[in-house]
Amino acid sequence: MATYGVAEAKNNFTHLLDRVQEGEKITITRHGKPIAELNPPPKLTVEERWTLMDELLERARSRP
């Protein structure tokens, strides 16, 4: 996992997104303390995606 300060992350944001897209995790720090983490999205099968969508729709319908 790579670590970048805020200013460096800002200047290299597109490059960092490319790295995250390839599966790498990136931590962004301020004054040496972690404040954010960029993670690739989970790799889901089609069935898992449909299940997740069904769960989200059910939650939305249950709201008043």
Side-chain angles (χ1 to χ4, degrees):
M1 176 167 44
T3 302
Y4 290 85
V6 172
E8 188 177 10
K10 178 182 171 188
N11 292 335
N12 295 299
F13 193 64
T14 302
H15 174 69
L16 296 180
L17 291 178
D18 290 340
R19 290 174 64 178
V20 170
Q21 188 175 16
E22 293 172 5
E24 188 173 349
K25 293 182 181 181
I26 307 285
T27 299
I28 299 173
T29 62
R30 179 180 286 149
H31 305 296
K33 296 180 182 178
I35 60 165
E37 191 171 273
L38 302 175
N39 294 304
K43 294 180 180 174
L44 303 173
T45 65
V46 173
E47 292 80 18
E48 290 171 325
R49 289 176 192 230
W50 279 112
T51 300
L52 181 59
M53 287 298 296
D54 288 340
E55 290 172 4
L56 291 173
L57 284 171
E58 189 174 320
R59 278 192 220 167
R61 289 184 186 132
S62 69
R63 291 186 177 183

*Going hydrophobic residue to hydrophobic residue with side-chain gaps under 4.5 angstrom, can you get from L56 over to L44?*
yes
*Roughly how far, to the nearest 0.5 Å, is OG1 of T27 from OH of Y4?*
11.0 Å
_Show the nearest heavy-atom pair for residues E24 and P40, with the distance to one decimal._
O-CD, 3.6 Å
*Kindly indicate, with the supporting measurements, whether the criterion side chain to side chain contact (heavy atoms under 4.5 Å, CB included) is fulfilled by T51 and E48.*
CA-CA 5 Å; T51 300; E48 290 171 325; 5.6 Å; no
_Inter-residue atom distance H31.NE2 - T29.OG1, 0.5 Å rounding_ = 9.5 Å
*asked:* More than 12 heavy atoms of other residues, nucleotides or ligands under 6.0 Å from CD of Q21: yes or no?
replied: no
*asked:* I'd like to know if I35 and V20 are part of one continuous hydrophobic network [Ile/Leu/Val/Met/Phe/Trp/Tyr, side-chain heavy atoms within less than 4.5 Å].
replied: yes
*When rounded to the nearest 0.5 angstrom, what distance separates CG in L38 from CD1 in I28?*
4.5 Å
